[in-house]
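Taking it in order: structure first as structure tokens, then the write-up.
Chain identifiers are assigned alphabetically (A, B, ...) following the order of the sequence lines, protein sequences preceding nucleic acid strands; residue numbering begins at 1 within each chain.
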2 protein chains.
Amino acid sequence: MIKEKLRRLGLQLSPQRLAILKVLEGNTRHPSAEDIYKQLKPEYPSLSLATVYNTLEVLARAQEIQVIRIKGDKRHFDPNTKPHGHFLCRVCGSIHDLDVVSLPIKTPLNVNGYVVEEYKIYFYGTCPVCREKSAKEG
Amino acid sequence: MIKEKLRRLGLQLSPQRLAILKVLEGNTRHPSAEDIYKQLKPEYPSLSLATVYNTLEVLARAQEIQVIRIKGDKRHFDPNTKPHGHFLCRVCGSIHDLDVVSLPIKTPLNVNGYVVEEYKIYFYGTCPVCREKSAKEG
DNA sequence: TTCCATTTTTATAATGATTATAATTTGTAT
DNA sequence: ATACAAATTATAATCATTATAAAAATGGAA
């Protein structure tokens with residue numbers, strides 16, 4: 001349980017942190033800090049963007065979420081910490097989980113003396129929805 | 001030849017562009033825009049950082065270089081446009097070419113309707129030099 | 001060559017996501 | 001209740017990158 005993990009790390013379960021956790025839980029939309037902020041602001045009017053950043057930092061450090069840097073200069077966050085690829089649709093900008101191949105990579109891995117502890121795979125292209133659209137229009 | 005490619009794109013071979021190309025050619029150090037700027041500035045005192053950015057943008061668009069986003073918020077550039085992985089040493093911050101597995105990925109590739117045109121693989125860990133060092137110290 | 005239009009370069013300002021700061025609030029343990 | 005520590009907040013600062021506009025360089029036509 002993620003709450004217990006936070007406790008173990010000596011972190012308090014503030015309403016803000018719980019709310020952010022709730023947004024992230026099972027979320028496959030890969031929200032940015034601002035996405036999360038905007039989603040919660042109506043319900044938590046006092047919420048600060050800085051708190052969202054702080055919490056995401058804490059969660060990432062605790063390995064409870066994964067940071068994705070696939071789109072522009074923004075960070076996106078994924079509660080699924082299992083290694084898996086990510087796909088950016090260059091047409092609509094959406095980000096999706098995608099595993100193209102099941103990689104035979106078990107970390108830590110030593111390759112020519114380079115010790116690999118972690119890896120990320122990013123795919124770029126067109127998502128099914130945008131592909132459908134362009135097929136109909138074209 | 002990269003020069004011919006630029007010509008074909010209707011781009012002029014200015015001294016600045018040629019200098020930047022020369023820095024990149026065969027360079028495996030994955031320099032950032034600022035790295036390139038600092039390296040050239042003594043020889044080209046009038047050179048502007050904006051020109052370096054412009055040229056890198058032009059080269060990337062022309063698919064003559066590859067953009068790497070593995071380290072912090074900075075972009076790094078690789079003249080090797082063949083698909084290959086990159087490794088970031090979390091100790092010293094150096095970036096290296098690294099192919100852990102020869103991926104059976106040929107683009108374009110259709111996976112569940114997602115059309116993959118391009119992909120990037122980033123590895124994170126400790127490079128051989130830093131590993132040696134910590135072994136001696138530890 | 002000279003002139004003109006276009007491209008490129010340059011210095012600088014603007015942008016925008018993220019981080020730092022400092023004051024205030026909240027939580028916890030005694 | 002009190003005091004100490006942690007978290008939140010508003011805001012300022014940072015820093016890589018992009019935009020802007022003026023100046024310089026280039027290339028082609030006359």
Side-chain angles (χ1 to χ4, degrees), chain A residues 2-3 5-23 30-62 64-77 88 93 95, chain B residues 3 5-23 30-62 64-65 67-77 88 93 95:
Chain A
I2 207 168
K3 288 189 193 175
K5 177 105 187 214
L6 287 188
R7 263 196 231 287
R8 247 178 284 133
L9 292 164
L11 299 167
Q12 293 174 17
L13 300 174
S14 69
Q16 293 88 337
R17 283 182 181 165
L18 289 173
I20 293 165
L21 279 172
K22 209 165 132 200
V23 168
H30 310 91
S32 66
E34 220 195 333
D35 292 337
I36 296 169
Y37 174 72
K38 281 183 180 161
Q39 180 173 340
L40 290 174
K41 190 69 176 171
E43 199 181 344
Y44 298 82
S46 80
L47 183 67
S48 165
L49 186 54
T51 299
V52 178
Y53 274 105
N54 288 342
T55 300
L56 290 170
E57 166 78 17
V58 160
L59 292 174
R61 267 221 214 302
E64 288 301 329
I65 59 174
Q66 144 169 211
V67 182
I68 301 163
R69 308 212 47 169
I70 196 175
K71 189 183 179 186
D73 291 323
K74 262 190 186 146
R75 265 158 242 203
H76 293 259
F77 301 90
L88 171 67
I95 300 170
Chain B
K3 288 189 193 175
K5 177 105 186 215
L6 287 188
R7 264 197 232 286
R8 248 178 284 134
L9 293 164
L11 298 167
Q12 292 175 17
L13 300 174
S14 69
Q16 293 89 336
R17 284 181 181 165
L18 290 174
I20 292 165
L21 279 173
K22 210 166 132 198
V23 168
H30 311 91
S32 67
E34 219 194 335
D35 292 337
I36 295 169
Y37 174 71
K38 281 183 179 160
Q39 179 173 341
L40 289 174
K41 190 69 176 172
E43 199 180 346
Y44 298 82
S46 81
L47 182 66
S48 166
L49 187 53
T51 299
V52 177
Y53 273 105
N54 288 343
T55 300
L56 291 169
E57 165 78 16
V58 159
L59 292 173
R61 267 221 214 302
E64 288 302 328
I65 59 175
V67 182
I68 300 162
R69 309 214 44 170
I70 197 176
K71 189 183 179 184
D73 292 323
K74 262 188 186 149
R75 267 158 239 200
H76 293 259
F77 301 90
L88 171 67
I95 300 170

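With distances taken from any side-chain atom of Ser48(A) to the nucleotides dA10(D), dT8(D), dT17(D), the minimum falls on dA10(D). The side chain of Leu47(B) sits closest to dT10(C) out of dT18(C), dT10(C), dA6(D). Residue Ala50(A) places its side chain closer to dA20(C) than to any other of dT17(D), dT18(C), dA20(C). Of the candidates dT9(D), dA16(D), dT8(D), dT9(D) carries the atom nearest the Ser46(A) side chain, counting heavy atoms from C-beta on. Taking every side-chain heavy atom of Lys74(B) into account, dA16(D) is the closest of dT8(C), dA16(D), dT28(C).
OP1 or OP2 of dT17(D) sits under 4.0 Å from a side-chain N or O of Tyr53(B). Using a 4.0 Å cut-off, some side-chain N or O of Gln16(A) falls inside it from OP1 or OP2 of dT8(D). Between Arg17(B) and dT7(C) there is no side-chain N or O to OP1 or OP2 distance below 4.0 Å. Contact annotation: Ser14(A) does not reach the phosphate of dA7(D) (side-chain N/O to OP1 or OP2, under 4.0 Å). Between Arg75(B) and the phosphate of dT18(D), there is a side-chain N or O to OP1/OP2 separation shorter than 4.0 Å. Phosphate proximity of dA17(C) to Arg69(A): absent, as no side-chain N or O sits under 4.0 Å from OP1 or OP2.
Between the Arg69(B) side chain and the Lys71(A) main chain, no donor and acceptor come within less than 3.5 Å of each other.
A residue-by-residue look at Leu49(B) and Gln12(B) shows that Gln12(B) has its nearest nucleotide of DNA chain C further toward the 5' end.
Paired with His30(A) under the rule side-chain contact (heavy atoms from CB on, under 4.5 Å), one option of Ile68(A), Ile70(A), Leu88(A) passes, and it is Ile68(A). Paired with Glu34(B) under the rule side-chain contact (heavy atoms from CB on, under 4.5 Å), one option of Gln39(B), Lys74(B), Arg75(B) passes, and it is Lys74(B).
Across the protein-nucleic acid pair, Glu57(A) atom CD and dT19(C) atom C1' stand 9 Å apart, rounded to whole Å. Atom CG of Asp73(A) and atom P of dT14(D) are 19 Å apart (whole Å). In this structure, Tyr37(A) places its OH atom 14 Å from C1' of dA17(C), rounding to the nearest Å. Atom pair Asn54(A):CG and dT19(C):P shows a separation of 9 Å (rounding to whole Å applied). Residue Tyr44(A) contributes atom OH, which lies 17 Å from atom C1' of dT25(C) at whole-angstrom precision.
For the pair Phe77(B) and Ile65(B), the tightest heavy-atom approach, listed with the atom from each and the gap, is CD2-CD1, 3.7 Å.
Of the N and O atoms on the side chains of Asn54(A) and Thr51(A), not one donor lies less than 3.5 Å from an acceptor on the other residue.
Within the nucleic acid shown, Ser32(A) has no heavy atom closer than 4.0 Å to any nucleic acid atom.
End-to-end axis angle for the helix from dT1(C)-dA30(D) to dT30(C)-dA1(D), using five pairs per end and rounding to 10°, comes out at 20°.
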